[in-house]
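Heads up: the structure comes next, in C-alpha cells.
For reference, positions follow the sequence shown, starting with 1. For ligands, and for the atoms within them, numbers begin at 1 and follow the listed sequence.
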Amino acid sequence: MAETRKAEEIFKEFKEHSIAEFFKKNRQMLGYSGKIRSLVTVVHELVTNSLDACEEAGMLPNIEVKIKQIGEEKYSIAVLDNGPGIPKNYVGKALAVILAGTKFHRYVQQRGQQGIGAAGCTLFSQITTGKQMFVKSSTGAGKAYSCNVSIDTVHNKPIVSNLQDISENFRGLDVEGEFADVKYENSDHGVYEYLRRTALSNPHAEIRFTDPEGKESTFVRAAQTMPERPKPTKPHPLGLAVNDILEYAHRTESRKLGAFLVENFSRVTPNKVAELKEFAKNVDFEKDPHTLTWSDAEELIKAFNSVKWISPDGTQIKPIGEEQIKVALKNILDPEFMSVVERKPAVFKGGIPFIVEAAVAFGGTAGKKTDEGYSGTILRFANRVPLLFDSGSCAITVGARDIQWKRYSMDLETQPISVLVNVSSVHIPYSGVGKESIAQEEEIVDEIKLAVMEAARGVQRYVSGKLRLHNEENRYKTIMRYTKQLAQDLSEITGKDRKVLEKEIEKLVAKHYPKVMEHENGPDEGKRGKEESDAEDPDE
Ligand SMILES: Nc1ncnc2c1ncn2[C@@H]1O[C@H](COP(=O)(O)OP(=O)(O)O)[C@@H](O)[C@H]1O
Ligand SMILES: [Mg+2]
C-alpha cells in the first residue's frame, strides 16, 4: 500500500504568496511573453503613464524614449516626460508596489487603471537582470531627487535606495531600467511602430525616440490644444457584476442601502429604488451597505435586470475627435485623401457606454509597402493606446475585415489604405490578460462596422474617380502610340504635311480625354490631405 500522509504534515508546506510573487511566476499576464513583445510592453507601460500624468497635470506631453543595446537580448530603456513627477514619499509605492496607484478607484476613462504597469516593469527588470530601476523626479518649486527602486516580492513592498536631492534643473519623471530576455525589432510589432501609432492617436504629444542604432526620430506635436479630460462618472446598474456592487458597498459612506444605490450608480433615483424593492423582496433597503451580502447583491442584479433604465450617460467618454484625427493623419501619414467618422455614444452589455471613431486614409504613406506593391493596414486603438498584438480575434480587426471593401471601390489586400479605429470607454472589454485585443461584444463590433463603412464611403468617391482617371490615362496613352504612324499614312495618301496632321490628330484625341488633359497640365492642387466633408450619416 502507498504511504499515506497526514493533513498536518502536508499543511506544513502551506504558504501565502504576495501578488508580486504571483506575477513573478505569471509575467505573461502583464504582457511579458515573447522577446519583442516584452520590450514593447515596457515602453507601453512607461509611455502611457507619462501621457496620463501630463494630461492630469494639464501639460502638453513631451516624451522621450531611449533604447540602448547593452548585451545579447539585453537592453536599457529610458522614458522621460515633462509631467508633474512623483512626490518622494510615494515613489516606492507608485513604481515598486503591484496594485498601487492614483487611478484605481476612479470610474473614469483613462489609460492606466489597475496600478500594475510601472511596478510590472520594475519586477520584469528585477527578474531578468537583478537590477533596480533608476528614477529621477521633480517635486515642484525647482526641486528634484533621484533614487533606485525595486520590489521586495515576498511582501510586495517597495525598496528605495540611494535617495538623494539633485540640483539639476529637471522637470518631470525619468524612469530607466535594464531588461533582458527582450529584443528590439523594427517591424509592425516594434517600438518605433508603437510610438508612431501613439503619435497618431495623441497629436497633442511630442514624442522623441532614439533607437538602439542611435537613430533619432521625432513625432512632432500636431495639435496645440489639450484634449478634453474625461470626468469620473458613476457606473450604470446594467454594467455591474455582483462583485462590483459589493466592492462599492464596502467602500461607501452612505448609511442605508437605498441611499447608497442612488448616490453611487447612474440613473438610480428614489423612484427607481421603490421599483427595485418590488423585485428584490428579500433585500432590506434600510440596511447598512457595509453589511451587504453576496446573495443580497445577486438579488439586486436580478432586480436591475427587471426594471427599465434610461441608457447610461456617454458624455464623459472622450474620443480623440474628428479634427484631431485629421491633423494627426496629415502629420504622420500625409495621405492623398481621408475620411474621418466619429460615432455617437453607444452602450454594450446594457450598461457600459463607449464611442467608436474610424478613419480611412488612402495614398501617401498610408498602408504598407510590400514587394508586390501595397497592402492595407488596420490601426487598432483602445482609449488612444495602440494595440499591436493579438490582432486576429480583436473586435476591430473582425469589424473592419467584415466589410465588403469592393463595394467602396477599395481592396485592403493591394492598396495603400490605413484604417484607423479607436474605441473609447471607461471599461474596455479586453479579451486577454495582455490587454492587446478587444472582445467581440456584438454592439462594439456593430459600431466599428458602421464607423468604418461610413469612413470608407467618404473615400470611395475619391478612389473611384482616381480609378476612372487611371483607366482613361491608359486608353489615352495607347491611342497616342499610334498617332505618329497614322499621321505618316495619312500624309502619304493625302500629300499633306505629316507634322501638321500629327498635331491635328493629337488635338482630336485630347478633346475626348478632358480629365486626362486636366490632370496632365495642371498641378494636382488641393487634393493632398483633402477630406470628404459631406459624407452622409446613415443615422440621419
Ligand atoms: N510618469 C509618471 N508621472 C507621474 N506619476 C506617475 C508616472 N508614472 C506612474 N505614476 C504614478 O504611479 C502610479 C502607478 O502606475 P502604474 O503602476 O502604471 O499604474 P496605473 O497607471 O494603472 O495607475 C500611477 O497611478 C501614478 O500615480
Ligand atoms: Mg500605468
Examine the proximity of ligand 1 to A118 and report which part, side chain or backbone, both or neither, has a heavy atom under 4.0 Å away. both
Where does I116 meet ligand 1, judged by heavy-atom distances below 4.0 Å: at the side chain, the backbone, both, or neither?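 It is the backbone that gets close, since no side chain atom is under 4.0 Å.
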Counting from 1, what ligand 1 atoms have a heavy atom of [X] closer than 4.0 Å?
X: G117; answer: 16 (P), 17 (O), 18 (O)
X: A53; answer: 2 (C), 3 (N), 4 (C)
X: I86; answer: 4 (C), 5 (N), 6 (C), 10 (N)

Salt bridge (Lys or Arg N to Asp or Glu O under 4.0 Å) between E64 and R208: does it pass, once the steps are laid out? CA-CA 5 Å; E64 203 176 334; R208 275 186 293 158; 3.5 Å; yes
Does ligand 1 have an atom that lies less than 4.0 angstrom from a heavy atom of G85?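 Flag set, G85 near ligand 1.
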Heavy-atom contact under 4.0 Å between A100 and ligand 1? yes
Partner residues of A328 under the side-chain contact (heavy atoms from CB on, under 4.5 Å) criterion, sequence neighbours left out: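 A328 satisfies side-chain contact (heavy atoms from CB on, under 4.5 Å) with L200, P203 only.
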Pairing of E228 and K318 as salt bridge, 4.0 angstrom limit: yes
Does D181 pair with K35 as a salt bridge, N-O distance under 4.0 Å?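 Salt bridge: yes.
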Is the backbone N or O of K136 less than 3.5 Å from a side-chain atom of D174, with the two atoms forming a donor-acceptor pair by type? no
Closest by any non-hydrogen atom to atom 2 (C) of ligand 1: pick that one out of L80, L173, I63, T48.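 Closest candidate by heavy-atom distance is L173.
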Partner of N422 under side chain to side chain donor-acceptor pair (under 3.5 Å), picked from R384, E342, E357, is E357
Parallel, tilted or perpendicular, as decided by the 30° and 60° cut-offs, for the rings of Y75 and Y184: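 Y184 vs Y75 ring planes: tilted.
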Metal proximity, T48 vs the Mg ion (ligand 2), N/O/S cut-off 2.8 Å: no
Using the rule side chain to side chain contact (heavy atoms under 4.5 Å, CB included), only one of V47, N202, L51, T198 pairs with I207; which is it? T198
Report yes if some N/O of N49 lies less than 3.5 Å from some N/O of ligand 1; otherwise report no.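 Yes - when backbone and side-chain N and O of N49 are compared with those of ligand 1, one distance drops under 3.5 Å.
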Contact (N/O only, under 3.5 Å) between D81 and ligand 1: yes
